[in-house]
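Worksheet for the structure shown next.
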Amino acid sequence: MSEPTAPENALAVEVRGLTRTFGARKALDKVSFDLPQGAFLSIFGPNGAGKTTLVKVLTTLTAPSKGSARIFGLDVVEDAVELRERIGLISHNPLLYPDLSAEENLRFFAEMYGVDDAADRVRELLTAVELDHRRLDFVRTFSRGMLQRLSIARSLLHRPDVLFLDEPYSGLDPHAVEIFDSLMAQIRSEHTFVMISHDLAKGLELCTHALILARGKVVLSAPKAEIDEDEFTATYRATVGTGVS
Amino acid sequence: MKQLRVALVMLVIGGLLTTVAFVMAFTTAEVQRFGTVTLSERIDTAFPLQEVTADGYRYERPWFSQKIFYFHVPVAEASFLVFGVAAFFAIRFLMTKRKEYDTKSRIAMETAIVFVTLTMITGILWTRAAWGVWWEWEPRLTTYFIMTLMMIGYFVLRNSIEDEERRAVYASVFGIIAFINAPISFFITRLIPSNHPVVFQSGFATSNLVPFILGQIGMLLVGYAIYSIRMNEERLEERVEIMKEALEG
Amino acid sequence: MDPTNEELYRLAITDAPYVLAAYGILWVALMAYVGMVFRRLMRLEREVQVLEESMERRAGE
Amino acid sequence: MAETTARRPGRGLSWRQFRAILRKDIVMELRTKEMITSMGIYALLTMVVYQIALSQAGTAFDPRTIAAGLLWLAFVFTSMLGLNRSLVHEKDQGCLEALLLSPVDRPVIFFAKAIGNMIFLLIVQVLTIPVFAFLFLQGSEYGGQLWMIPVALLGGAVGIAGVGTLLATMSVNTKGKDFVLAVLFIPLMYPLLLACVSATTAAVLGGDGHVQQFWSGMGLIAAYDAIMVLAAYALYEFVLGA
């Protein structure tokens, strides 16, 4: 990947002492980790552990109280606007307008990102997610699985380097999961991924790096190769008992 | 705890000062006159006889309801000041995103709503005494009414948001915009002809000024005391929360 | 009382209830508010005490 | 697919984004006609209620004296309906989050949404006024100059849309959306409405000094719009960030 603004061997994600507090409540407490380019990070943790907050900070939607986070060397606070062009988000929420057609939705977001070859790009992505035959249909008529595919297309419009996945599997039926997985496999090699997951098995299967958060703190952070799965599961189970605040 | 004691002392001093002002308003303060009254006979009274006309004896009419001024205006001015403090802390909060400023802003707004309510009540009683009606859509009353509604709106907004941080941000934003709006409504209502009195046209006589200033200082002390006591309560509550969490976790 | 004199005083005295009521309501309301806050404060103090005790007990265990 | 587009959003992109948001809102509205129909029907229902309110007024009563007040009342309530709708769209599927994720300057969102709201409000105003005149003002004479009415309407719509967009963005995130919007909106709108009614009444009644009354009303409207829209613009980013 050739990127003029970042050194050749830059870390994709670099988080240092990230803290997010409001009053006495600590959503994130001195979170630090690194993620190399092309890696796939799965973030596990019980509800209220700070997973969503972490992703919100990394996607520039919330500012950290202390510490720093850089993505490809771009600071989430100082270089927020530049950074936004290089990240995409696939959420469990489709983030699409139900009263616009599939094509109109993608065209709209392409405009927002200032994509130059918008028409071609939209066509190309719609074909890639196998929705080209439904491109004129309103999004409100789409099934959950179709929404999620369109959502992938939306997040790829501006050719992001890092893709954030916020529980993308929630609400998908097995068939939709299959399609989603095959799409993910296609784009896997081209992006760095950060995924929030409740599904331990799925999350571990996809990832190259894993991270467990509990009460805003990093409980475990390691490359998958160094992880003993039983031990990992035990650690994860232990957090579920205490982490819910 | 020391802070609480200071607040209590201030509350007592403020109470004493306003009471002194009240007593002085009826004893040492010069009686304000509001027009004249013509009686058919000459009477023996403290109110000076102005002139003798064909209709009868013209006396200056004592303006008893004006005595409300000595505590109505201090409360009103204190309420504006506290509202300003609330807006100031709201700005501080948006700049720093520190929760304590939001708490301060909220407590100030609460103090302001207490004072605004009191101003409304004393104002309404004065309107009844001086003009013979309970309510009139007149600039100051109207502005006050609108201000009260905005403050109620502030708390309605707070109560309808779950997320603590979002609640703080939204409340601050509304607090600031409401504070900007208050003088605009005042200014705009003013352009409609009004009969709200400008109480001392001829300037303050010392005998009037003393009780007024005492009342004003007293009321500000009371306001600060209330704010301070409420802040104390808030801090205590936070401590209880933290302790509970520590015990449970 | 002399009827005319009475009239002049009446002008002043009819206002009196409102003036007194204004002052009265002002203070009663403020007192009530402060009293309310104080009751809550006392309750919180007690709660803090209870919590402190149980914390000490735990520390002792 | 992996090559990156390293682009700083310049003036050109902001303008493109602004147009995209505005166009999207208009396309969606033209398609569903949700806002216009609900606002229009609401305005009509208000007219019926006015008829009830005025039914005992008698023949000596000149409806022109309160016509401006009634009109602005209808606009306030219908505009609240529309404001709510326009932001519920953004909120429903989390689209606002997607907007915030894109490299868009936050003020662009504010101005695009506010101008969209203003356009819908103006459309409803333009539709309502003839109906109102037809129902209540037949046989009455129009006192002022005709151009005064659109000027006053525009002035009012700017303020309503500017402040309303800020408040609606907050109220969609609360429990009891519509109620919260009303509680915040009406007191803040008070000065604007007072000035609008004054200016519009001057236009409707005419007579001595009506030009002066109209302009002093418009001056107040302009002052309110300038101050409050500026404040709303400055505070909008905080609201979006929360």
Side-chain angles (χ1 to χ4, degrees), chain B residues 87 90-97 99 101-102 116 137-139 141-194, chain D residues 110 159 162-199 201 212-213 215-217 219-242:
Chain B
I91 294 173
R92 291 288 295 148
F93 171 76
L94 288 182
M95 279 160 58
T96 59
K97 293 285 165 69
K99 194 188 175 188
Y101 287 121
D102 174 55
V116 166
W137 286 106
E138 159 287 325
L141 267 73
T142 312
T143 318
Y144 242 80
F145 187 57
I146 300 293
M147 232 168 89
T148 316
L149 288 179
M150 289 196 292
M151 288 176 183
I152 293 171
Y154 176 90
F155 286 101
V156 168
L157 179 66
R158 284 199 86 97
N159 287 334
S160 59
I161 303 171
E162 297 277 359
D163 184 85
E164 223 184 331
E165 198 176 341
R166 175 173 283 170
R167 185 197 303 151
V169 172
Y170 285 10
S172 297
V173 166
F174 185 71
I176 293 168
I177 209 162
F179 186 69
I180 298 172
N181 193 271
I184 302 180
S185 7
F186 179 68
F187 180 69
I188 284 184
T189 35
R190 259 234 126 156
L191 292 178
I192 298 169
S194 147
Chain D
F110 173 72
V163 178
T165 303
L166 174 79
L167 296 182
T169 311
M170 296 204 276
S171 69
V172 284
N173 284 312
T174 62
K175 295 177 275 174
K177 302 174 174 56
D178 332 37
F179 167 67
V180 174
L181 181 62
V183 169
L184 305 183
F185 185 70
I186 294 178
L188 280 185
M189 279 299 132
Y190 168 81
L192 177 69
L193 288 175
L194 207 65
C196 283
V197 169
S198 163
T201 302
Q212 201 225 328
Q213 191 190 337
W215 283 117
S216 70
L220 293 173
I221 293 171
Y224 176 95
D225 285 354
I227 297 172
M228 293 302 271
V229 174
L230 204 69
Y233 153 78
L235 293 169
Y236 200 67
E237 191 159 346
F238 294 108
V239 170
L240 285 179

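Naming convention: chains lettered A, B, ... in sequence-line order (proteins, then strands); numbering from 1 in each chain. Side-chain atoms are counted along with the backbone in the values below, which use heavy atoms only and exclude waters and symmetry mates.
Neither the backbone nor the side chain of D163(B) comes within contact range of chain D, judged by heavy atoms closer than 4.5 Å. For Y236(D), no part lies near chain B; criterion is any non-hydrogen pair under 4.5 Å. Both the backbone and the side chain of V173(B) come within contact range of chain D, each with at least one heavy atom under 4.5 Å from a heavy atom of that chain. No part of I186(D) comes within reach of chain B, as not one of its non-hydrogen atoms sits under 4.5 angstrom from that chain. For F238(D), the parts lying near chain B are the backbone and the side chain together; criterion is any non-hydrogen pair under 4.5 Å. Interface remark: T142(B) contributes side-chain atoms only to the contact with chain D (heavy atom separation under 4.5 Å). When heavy atoms are compared at a cutoff of 4.5 Å, T169(D) approaches chain B solely by way of its backbone atoms N, CA, C and O.
Considering only heavy-atom pairs separated by less than 4.5 Å from chain B, the leading option among K177(D), K175(D), M228(D) is K175(D). Counting heavy-atom pairs closer than 4.5 Å to chain B, the top-ranked of the candidates N173(D), T174(D), V239(D) is N173(D). In terms of heavy-atom pairs under 4.5 angstrom with chain B, the leader among V183(D), V180(D), L188(D) is L188(D). Contact tally against chain D (heavy-atom pairs below 4.5 Å) for I161(B), I146(B), L149(B), L157(B): the top residue is I146(B).
Using a 4.0 Å cut-off between charged side-chain N and carboxylate O, R158(B) and D102(B) make a salt bridge. Using a cutoff of 4.0 Å between basic side-chain nitrogens and carboxylate oxygens, K99(B) and E164(B) are scored as salt-bridged.
For the pair L167(D)/F174(B), a side-chain contact is recorded, criterion being any heavy-atom separation below 4.5 Å from C-beta on. The closest side-chain heavy-atom distance from L94(B) to I176(B) is below 4.5 Å. I227(D) places none of its side-chain heavy atoms less than 4.5 Å from the side chain of N181(B). Between L184(D) and Y154(B), every side-chain heavy-atom pair lies at or beyond the 4.5 Å cut-off. Annotation: side chain of M189(D) is in contact with side chain of Y224(D) (closest heavy-atom distance under 4.5 Å).
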| request: Evaluate side-chain contact (heavy atoms from CB on, under 4.5 Å) for L192(D) paired with C196(D), printing each intermediate quantity in order. | output: CA-CA 6 Å; L192(D) 177 69; C196(D) 283; 4.1 Å; yes
